[in-house]
Amino acid sequence: MRTAYIWFLLQGAWHTILLSVLSLVLGGVLGFLVSLVRISKVRAVSALALVYIEAVQGIPPLVLMALAFYGPAILGGVHVSALGAATLALAIFSSAYLGEIWRGCLQAVPKAQWEAAECLGLTATQRLFRVILPQALRLSLPPTVGFVVQLVKSTSIASVAIGYGELTYNAKILNNSTFEPFMFFGLAGVLYFVMCYPLSRASRRLEARLNLANR
């Protein structure tokens with residue numbers, strides 16, 4: 001096998017990692033805001049966040065990418081790069097799922113902890129960041145890492161929707177030129193495994209540690 005083929009696949013793997021990191025960072029920021037809005041005591045505000053979550057979860061990521069890529073050009077004449085559109089779509093997708101995961105973790109913190117922090121005279125911001133978030137963070141690590149694994153694999157949709165040159169796309173290009181699907185898609189599968197397996201192992205270890213700590 002030519003070395004150039006390997007490097008082309010590795011380049012696709014790098015683009016997959018880049019898209020995953022950008023989507024996770026942006027989606028994490030949006031998801032954190034969504035989780036805070038979801039636990040708001042103002043029902044109307046919380047309901048809006050719930051509508052957002054259900055709407056995003058009800059739309060396939062493939063459609064979100066197509067809208068992010070073609071929408072700005074059609075509506076405003078603005079060209080968005082494939083990486084930018086894929087990042088935006090996956091960030092919106094991630095924010096809905098992470099927002100709901102983190103909302104559950106925040107509400108899983110015993111009510112007595114919220115009340116104790118309030119009795120200490122802490123402000124709402126101090127209660128959140130000094131008392132509630134450290135406890136919610138422990139609970140959120142396993143499901144968050146599990147979602148990140150799914151996010152990495154979901155980046156392959158970008159090759160179908162908008163032709164972003166990630167791992168699956170590059171494997172398809174090589175297959176089209178050499179007609180060796182088993183070889184190149186098999187190698188792509190190995191690379192996805194190399195990227196995702198350490199995250200899956202980390203998620204299981206974190207979950208095991210938390211179970212031991214809670215006994």
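Note that the coordinates shown come from a computational prediction; the quantities given were computed from them, not determined experimentally.
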Self-check item: Residue pair Asn170, Leu174: steps toward the side-chain contact (heavy atoms from CB on, under 4.5 Å) verdict
Solution: CA-CA 6 Å; Asn170 284 13; Leu174 291 175; 5.6 Å; no
Looking only at heavy atoms, what is the nearest atom pair of [X] and [Y], with distance?
X      : Y      : result
Pro181 : Asn175 : N-OD1, 2.9 Å
His15  : Tyr164 : O-OH, 3.1 Å
Ala82  : Ile162 : O-CD1, 3.3 Å
Asn176 : Phe179 : O-CZ, 3.8 Å
Ser20  : Leu151 : O-CD2, 3.8 Å
Leu137 : Ser140 : O-OG, 3.0 Å

Can you find a pair of side-chain heavy atoms, one from [X] and one from [Y], that are under 4.5 Å apart?
X      : Y      : result
Met195 : Leu167 : yes
Trp7   : Gln11  : no
Lys172 : Phe185 : yes
Val131 : Val109 : no
Leu106 : Leu36  : yes
Val21  : Val25  : yes
Leu24  : Val148 : yes
Leu191 : Thr16  : no

Quiz item: What pairs of residues pass the side chain to side chain donor-acceptor pair (under 3.5 Å) test when at least one of them lies in residues 87-99, not counting sequence neighbours?
Solution: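 Found Tyr52-Ser95.
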Using the rule that Ile, Leu, Val, Met, Phe, Trp and Tyr join whenever any side-chain heavy atoms are under 4.5 Å apart, tell me whether [X] and [Y] fall into a single cluster.
X      : Y      : answer
Ile39  : Leu98  : yes
Ile173 : Tyr192 : yes
Leu128 : Ile101 : yes
Leu26  : Leu19  : no
Met183 : Leu10  : yes

Hey, is the main chain of [Y] close enough, under 3.5 Å, to the side chain of [X] for a donor-acceptor pair?
X      : Y      : answer
Glu100 : Ala96  : no
Ser46  : Arg43  : no
Gln113 : Pro110 : no
Arg127 : Leu122 : yes
Glu166 : Tyr169 : yes

Under 3.5 Å donor-acceptor pairs involving side-chain atoms of residues 53-77, not counting sequence neighbours:
none

If I take atom [atom1] from residue [X] and atom [atom2] from residue [Y], how far apart are they, to the nearest 0.5 angstrom?
X      : Y      : atom1 : atom2 : answer
Cys105 : Ile132 : SG    : CD1   : 12.5 Å
Ser154 : Phe147 : OG    : CZ    : 7.0 Å
Thr155 : Leu18  : OG1   : CG    : 10.5 Å

Exercise. Sorted by first residue and then second, give each salt bridge (charged side-chain N to carboxylate O under 4.0 Å, His left out) pair with at least one member in residues 154-165; sequence neighbours left out.
Key: none
Practice problem: Show the numbers, then the answer: is there a side-chain contact (heavy atoms from CB on, under 4.5 Å) between Ile6 and Leu187? | Solution: CA-CA 9 Å; Ile6 300 298; Leu187 287 174; 4.3 Å; yes
Quiz item: Yes or no on side-chain contact (heavy atoms from CB on, under 4.5 Å) for Val34 and Trp102, after CA distance, side-chain angles and deciding distance?
Solution: CA-CA 9 Å; Val34 169; Trp102 294 342; over 6 Å; no
